[in-house]
There are 2 protein chains.
Amino acid sequence: MMADSIQTPSKRYRGSSAEERRAERRTRLVRAAVRTYGQRGYHNTSVKAVCEAAGLTERYFYESFANSEALLVACLRAVTQRLVAAVRDSAGGADTGPAGRVRRMLATYFTVLQRDPAAARVFLVEIGGVSPLVDQEFRQALGRFADAIADAWGLPPDGRDPLLLAGMVGGVMHLALAWAASGYARPLPQVVEAALRLCAVLGPAGEG
Amino acid sequence: MMADSIQTPSKRYRGSSAEERRAERRTRLVRAAVRTYGQRGYHNTSVKAVCEAAGLTERYFYESFANSEALLVACLRAVTQRLVAAVRDSAGGADTGPAGRVRRMLATYFTVLQRDPAAARVFLVEIGGVSPLVDQEFRQALGRFADAIADAWGLPPDGRDPLLLAGMVGGVMHLALAWAASGYARPLPQVVEAALRLCAVLGPAGEG
DNA sequence: TGCATCTGACAAGGGGTCATGTCAGTATGC
DNA sequence: GCATACTGACATGACCCCTTGTCAGATGCA
């Protein structure tokens, strides 16, 4: 009755421990949030709406997240990690030089964004200025993306201008947004070529 | 007593007509809004706060704007119009070829943004995804900026790729944001040169 | 001076959200 | 079978915001 909550007995439920259940609920919340953000926009998405989409109650929301912003950060991390990983992976394969690598990476990037336009909109546009923490997280994600491209060009780490890198990824991002705003009117290869010209500001002068 | 409100008599007050007073209140609201957005961020700025900053009551807010979004659009228009005009103006003067023109325009752009970082943050970052109307307004502003640079390059209107234009301005914008995030660490000329490399994706191949 | 109009201050209804609390029902381990 | 811990549904209070309304006082015009 007194001090037996020091050890968490962690009863098993439906075949999983308390920790596992908590983790699963957390995952469900993140997934539901990404979906709901995409449908209603981040600013119009309440905690209640996310919980309903996840099939959980608000009580379980505050079990895993301090507030709405914490959930957004978790979603942002999940989404960008997957995206950057996919982009990096596509750099491998049949090697056709730096330009070929970057081309494949850009194609992957645009394809992934096109696959879920709503989510892309949320995580490229809507999160701007939500909070300093989110901003910082977003900048870091862009930085990782920029590094991936610089790596593909074969640029040595000490030969990279952070400002130019930021401009380059920002440009690719806005190119993707313009493409999306047009309803993906242009064929993918054209989009990739345009983006490649932006990326080429990093690479060696002559590049085909 | 019946139908004498068809004509607005418009009494004079403090030396100005009703229309003039309304317009002046509107201007004060817009100015106060830009200031308050910069201080507290758009999403944390209530109608009440703007009115207090303007030294007016909420009653006068709804006299000029249907809602908070309408005020944001008005502010966005005012700010971007001034910015684009300043950038275009700086293209003139001692002509040193396309690259010189673009350099001067970029210098103006960065200088104006640096002069009011808070406002820049609001109107470059925070307004993303506020509403479809605001998004559209913002895209148009970016388009006008892109056109100004393309004009400075001397690019014929039919030789412009909208996608590449969008990527270019987006890149310059993000470069400015990265510069601001660094606390304006780098000297302006370096920033301008980096941005010029981005802009050069539009211009003729060889450019000094 | 007197009246009509405009102004600024305040109030309040209505709505929504956040975060926490309560409680009966249910699955689990013993 | 029974006690225990967990779950889901609902409820609550506090807070903030939008929007409209009221009203006394100031200001200009005749």
Side-chain angles (χ1 to χ4, degrees), chain A residues 1-29 32-33 36-37 40-74 130-131, chain B residues 1-29 32-33 36-37 40-74 130-131:
Chain A
M1 190 197 255
M2 247 183 167
D4 51 352
S5 66
I6 297 173
Q7 302 278 46
T8 60
S10 192
K11 194 156 126 180
R12 303 213 129 241
Y13 233 79
R14 284 196 69 197
S16 42
S17 73
E19 285 306 308
E20 290 168 341
R21 275 170 286 153
R22 268 169 60 119
E24 203 235 327
R25 282 194 290 263
R26 205 190 122 102
T27 304
R28 276 170 68 185
L29 282 168
T36 312
Y37 291 160
R40 319 174 40 158
Y42 170 69
H43 293 297
N44 293 328
T45 298
S46 63
V47 171
K48 191 178 178 183
V50 173
C51 293
E52 279 176 1
L56 293 171
T57 338
E58 284 136 280
R59 187 151 71 89
Y60 296 111
F61 179 88
Y62 295 102
E63 173 197 59
S64 285
F65 302 100
N67 48 44
S68 198
E69 182 200 355
L71 173 62
L72 177 62
V73 171
V130 168
S131 81
Chain B
M1 187 196 254
M2 244 182 168
D4 52 350
S5 66
I6 298 174
Q7 302 278 46
T8 59
S10 192
K11 194 156 121 180
R12 306 213 127 239
Y13 233 80
R14 284 195 68 197
S16 43
S17 73
E19 285 305 311
E20 290 168 341
R21 276 170 286 152
R22 268 169 60 120
E24 202 234 326
R25 282 193 290 263
R26 204 191 124 103
T27 304
R28 276 169 67 185
L29 282 168
T36 312
Y37 291 161
R40 318 173 41 159
Y42 171 69
H43 293 296
N44 294 329
T45 299
S46 62
V47 172
K48 191 178 179 182
V50 172
C51 293
E52 280 176 1
L56 292 173
T57 338
E58 283 124 302
R59 186 150 72 87
Y60 296 111
F61 178 87
Y62 296 101
E63 173 196 58
S64 285
F65 303 100
N67 48 45
S68 198
E69 183 200 356
L71 174 62
L72 177 61
V73 171
V130 168
S131 80

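Residue numbers begin at 1 in each chain, while the letters A, B, ... track the order of the sequences.
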- Message: Show the nearest heavy-atom pair for residues A:Tyr37 and A:Ser68, with the distance to one decimal.
- Response: OH-O, 4.3 Å
- Heavy atoms under 4.0 Å, any strand shown: does A:Ser46 hit a base, just sugar-phosphate, or nothing? sugar-phosphate
- Message: How close do A:Phe65 and A:Ala74 get, counting heavy atoms only, and between which atoms?
- Response: CE2-CB, 3.8 Å
- Message: To check you understand the geometry: which heavy-atom pair defines the closest contact between B:Thr36 and B:Ala53, and what is its length?
- Response: OG1-CB, 3.4 Å
- Message: Rounded to the nearest 0.5 Å, what separates atom CZ in B:Arg59 from atom SG in B:Cys51?
- Response: 11.5 Å
- Message: If you compare every side-chain N and O of A:Tyr62 against the phosphate oxygens of C:dT20 (OP1, OP2), does one of them come in below 4.0 Å?
- Response: no
- Query: For the side chain of B:Arg21, counting heavy atoms from C-beta on, which of D:dG8, C:dA19, C:dC6 is nearest?
  - Reply: C:dC6
- Item | Interatomic distance, B:Asn44 atom CG to B:Tyr42 atom OH [nearest 0.5 angstrom] | 11.0 Å
- Task: Test for a donor-acceptor pair under 3.5 Å between the base of D:dG21 and the side chain of B:Arg59, counting only N and O atoms.
- Result: no
- Task: Take atom CG of A:Asn67 and atom P of D:dC15, then tell me their distance rounded to the nearest Å.
- Result: 18 Å
- Which is true for A:Arg22 with a 4.0 Å heavy-atom rule: it touches a base, it touches only sugar-phosphate, or it touches nothing? nothing
- Item | Separation of atom CD in A:Glu58 from atom P in D:dC10, rounded to whole Å | 11 Å
- Would you kindly give the CD-to-P distance between A:Glu52 and C:dT17, to the nearest whole Å? 10 Å
- Regarding the side chain of A:Tyr60, the nearest nucleotide among D:dG8, C:dC10, D:dC18 is D:dG8
- Message: Could you check whether any side-chain heavy atom of A:Glu24 comes within less than 4.5 Å of a side-chain heavy atom of A:Arg28, counting everything from C-beta outward?
- Response: yes
- What closest approach, in Å, do B:Phe61 and B:Leu29 show between heavy atoms, and which atom pair accounts for it? CA-CD1, 3.9 Å
- Whole-Å gap separating P (C:dG16) and NE2 (A:His43): 19 Å
- In whole angstrom, what separates B:Asn44's CG from D:dC17's C1'? 13 Å
- Item | Whole angstrom value for the distance that separates P of C:dG21 from CD of A:Glu63 | 15 Å
- Query: Which dot-bracket notation, 5' to 3', represents the base pairing of DNA chain C when pairs are defined as Watson-Crick or G-U with both distances under 3.5 Å, crossing pairs as [ ], and inter-strand pairs as |?
  - Reply: ||||||||||||||||||||||||||||||
- Message: For a quick check of understanding: with a heavy-atom distance under 4.0 Å over all strands, which category does B:Phe61 fall into, base, sugar-phosphate or nothing?
- Response: nothing
- Item | Integer-rounded Å distance: C:dC6 P and B:Glu24 CD | 16 Å
- Note on the structure: A:Phe65 CZ to C:dT20 C1', in whole Å, measures 18 Å
